[in-house]
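Lettering of chains follows the sequences in order, A, B, ..., and the numbering in each one begins at 1.
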Amino acid sequence: MPQHQIFRDVTFYIVPKTNSKLLVHRKEIFKRHGATLRYSIPLESNRRNGTKITNIVVVLDEKLKKEEILRDLQMELSTLLLPVVNSAWVSEGIEKNTILPVDGYEIFLSPKIPNKRTLKRNAQDENDQKKTKLESQNKLESQEKPEVPPNQRILHFLKLMSDEYEKTNQTWKSQSYRKAIESIKNTAFNIRTYEQAIKLPHVGKSLASKIVEILQTNSLKQLQTVQRDPKLIVLAIFEKIFGVGTHTAEKWYYEGLRTLEDVKAEKYMGLSDLQKYGLQYYDDWSQRIPRVEGEKHDQYVRMACHKIDPQAEVHIMGSYRRGAATMGDIDFIITKKETKILELKGILRRLVADLEKSGYIKCQLRGVEKRGEIKSKLFCGAQLANYPFCRRVDFLVVPSDEIGAAFLYFTGNTTFNRHMRQRAIDMGLKLSNSGLYRVEDSGDPNTPREVLLESKDERTIFKLLNMEWRDPVERNFGGFEEEGKSVKAAGDF
DNA sequence: CGCCAGTGTTT
DNA sequence: AAACAC
DNA sequence: GGCG
Ligand SMILES: O=c1ccn([C@H]2C[C@H](O)[C@@H](COP(=O)(O)OP(=O)(O)OP(=O)(O)O)O2)c(=O)[nH]1
Ligand SMILES: [Mg+2]
């Protein structure tokens, strides 16, 4: 019953390109009302002409993040001129049988906080994940028969793919490749066929095909197309500045900045204190910390803490507790028996004051003292006398009744934490830095009731999750370091 | 087709 | 809500 | 991109 065909003269550019039953259905409705549907924007259509709407981007999936919308359109933000609206604009227009003004439906992809006076560029990403290293282009010599460590070529290219996706904030794809890599590492034989590949856990059709492609051509088409432009190298340098992530790095790049010197020269005024310190200590914080120096930090901080409160305890966590030979930073937990968070915050505040006075703490990146409120976390730069570098040091104060969960969290590594937390989810539980909880239905599905099961004791949390205890050294999961452990580890999950 | 860990802090 | 960090 |  297409009566007026209100969208007769309108072209919808649909996001996302991917289909699903629901989306197909909704698009049918759009067509019935006369809309022309397209999936990419021809150059000449990318403009607004007056108030009359003839071309418009319609986002059908409300959950899409702004950056994902842009990626789907394959548009650089600065070049997108068309209005972008959510699907309510369409459906309410249909109800009212008219083309509505976009006000109230428009999704603004660009500005958010006009920082000082800079401009355009926005949209953002998913969650987590750390820096990546740059790696040079591919091409391994074609070694025909026996690969001594099996599947080396395959692993090489899949790693490049994973890195590529991580750099472009496609975190789930990146994660998929990492899981496949782990899986292949645990494979004793040389994979030769699609059938062998697809049997492996975390290797599906797409990855199996890619594996075959690698075996046959010794390369991957997709990797060569994926422009390995100099841009990524610059972005990686920028993103290593503390306080600078993908968003800021990209913004700077589009403003024409290419080196740290460019940034210092042109942006210094506009930088946050965080980023200024990040620049100032860029070289220092790029250095690994020898384990022996970690011991010295431990002694030093422990002494200082003892003076403030002899009952307070200092523990080094992170990679140090996992037995690393070198660390990227130093992670402290400060705690005290039978003590609540408030008192501990006070201890941290005094400790920090002393450490600053003594010259150990060089700068606070995230302070104890912000706006009168005392925080339970401190990120800072700190240097021991007669040592060559300022180090990144993190303090976390933890009330004694959360100490087990906090140890678990702050010992890591990150991959181990995520595995363990996933296991909790699968058991209907939730594990966080404050405890292991049972998640119950409270009537309101948005705010389920969380009942604390355990938070004081690390070992009890392992038991409740039906896991064998692992010494911290056995928690170096995933990645490329110490995979001897992660082989067994992966099997356990 | 939804999930892929969960939290603290700042803007 | 986004950005950045652990 | 894989999985339940
Ligand atoms: O996204 C994150 C980051 C960190 N952590 C936990 C695990 C990690 O082990 C600990 C300390 O973080 P840090 O970044 O210091 O990692 P690390 O394991 O100590 O390694 P590095 O030697 O780089 O400091 O905090 C998480 O749970 N999730
Ligand atoms: Mg650390």
Side-chain angles (χ1 to χ4, degrees), chain A residues 18-23 61 63 65-67 107-109 111-116 121-131 158 161-162 165 169-183 198 200-210 222 239 241-251 272-275 278 317-319 328-333 364-368 370-371 373 375-379 392-397 402 405-406 408-426 429-437 450:
Chain A
T18 56
N19 259 334
S20 71
K21 282 236 169 73
L22 180 61
L23 294 192
D61 185 343
K63 289 193 297 294
K65 297 176 177 62
K66 298 183 179 182
E67 185 182 3
I107 300 170
F108 294 101
L109 300 173
K112 200 189 43 184
I113 315 135
N115 186 16
K116 285 292 186 244
R121 189 138 291 66
N122 222 325
Q124 200 21 23
D125 98 309
E126 313 264 345
N127 48 349
D128 62 317
Q129 250 90 356
K130 286 293 82 102
K131 332 292 178 183
L158 297 190
M161 290 291 290
S162 174
Y165 280 127
N169 279 336
Q170 297 174 260
T171 57
W172 303 132
K173 292 199 187 192
S174 176
Q175 186 180 88
S176 290
Y177 276 85
R178 278 204 308 277
K179 285 183 175 175
I181 287 169
E182 285 309 301
S183 183
I198 205 165
L200 301 176
H202 302 112
V203 175
K205 291 180 192 172
S206 173
L207 270 118
S209 300
K210 294 217 173 38
Q222 207 175 315
E239 285 171 25
I241 304 171
F242 187 96
V244 175
T246 56
H247 183 80
T248 308
E250 192 126 319
K251 176 156 138 292
S272 66
D273 288 355
L274 222 71
Q275 295 168 336
M317 316 301 290
S319 45
D329 68 2
I330 307 211
D331 306 292
F332 284 110
I333 277 186
Q364 293 190 30
L365 300 157
R366 206 119 87 192
V368 264
K370 203 75 172 190
R371 284 199 293 265
E373 233 175 311
K375 306 296 182 193
S376 55
K377 263 183 184 173
L378 171 75
F379 301 165
R392 282 277 299 101
V393 179
D394 299 340
F395 292 89
L396 188 59
V397 291
E402 292 179 4
L408 210 43
Y409 155 65
F410 220 27
T411 299
N413 65 9
T414 300
T415 307
F416 173 80
N417 286 354
R418 292 170 66 171
H419 273 280
M420 202 162 179
R421 288 167 182 211
Q422 185 58 49
R423 186 180 179 89
I425 292 174
D426 296 340
L429 308 178
K430 187 177 90 168
L431 177 61
S432 79
N433 25 214
S434 67
L436 179 66
Y437 300 83
E450 293 174 359

Regarding [X], tell me which of base, sugar-phosphate or nothing describes its non-hydrogen contacts under 4.0 Å with the strands shown.
| X | answer |
| --- | --- |
| A:Asp394 | sugar-phosphate |
| A:Leu365 | nothing |
| A:Phe379 | sugar-phosphate |
| A:Leu396 | nothing |
| A:Lys179 | nothing |

State whether [X] places a side-chain N or O below 4.0 Å from either non-bridging phosphate oxygen (OP1 or OP2) of [N].
| X | N | result |
| --- | --- | --- |
| A:Ser174 | D:dG1 | no |
| A:Arg423 | B:dA5 | no |
| A:Lys375 | B:dT10 | yes |

Side chain of [X] - closest among [options]:
| X | options | result |
| --- | --- | --- |
| A:Thr246 | C:dC4, C:dC6, B:dC1 | C:dC4 |
| A:Gln175 | B:dA5, C:dC6, B:dG8 | B:dA5 |
| A:Ser376 | B:dT9, B:dT7, D:dG1 | B:dT9 |
| A:Arg418 | B:dA5, B:dG6, C:dC6 | B:dA5 |
| A:Thr248 | C:dC4, C:dC6, B:dT7 | C:dC4 |
| A:Lys210 | C:dC6, B:dA5, D:dG1 | D:dG1 |
| A:Gln422 | B:dA5, D:dG2, C:dC6 | B:dA5 |

Distance between P atoms of D:dG2 and B:dT7 (Å, rounded):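 So the two P atoms sit 29 Å from each other.
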
Ring geometry between A:Tyr165 and A:Tyr177 (parallel below 30°, tilted from 30 to 60°, perpendicular above 60°):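 Rings of A:Tyr177 and A:Tyr165: tilted, 30 to 60°.
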
Any A:Leu436 side-chain heavy atom under 4.5 Å of A:Lys430 side chain: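 Answer no - side chains too far apart.
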
Side-chain donor-acceptor pair present, A:Lys210, A:Ser206, cut-off under 3.5 Å: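 Yes.
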
Residue among A:Asp394, A:Leu396, A:Val397 satisfying side-chain contact (heavy atoms from CB on, under 4.5 Å) with A:Ile333: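 Testing each of A:Asp394, A:Leu396, A:Val397 against A:Ile333, the sole residue satisfying side-chain contact (heavy atoms from CB on, under 4.5 Å) is A:Leu396.
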
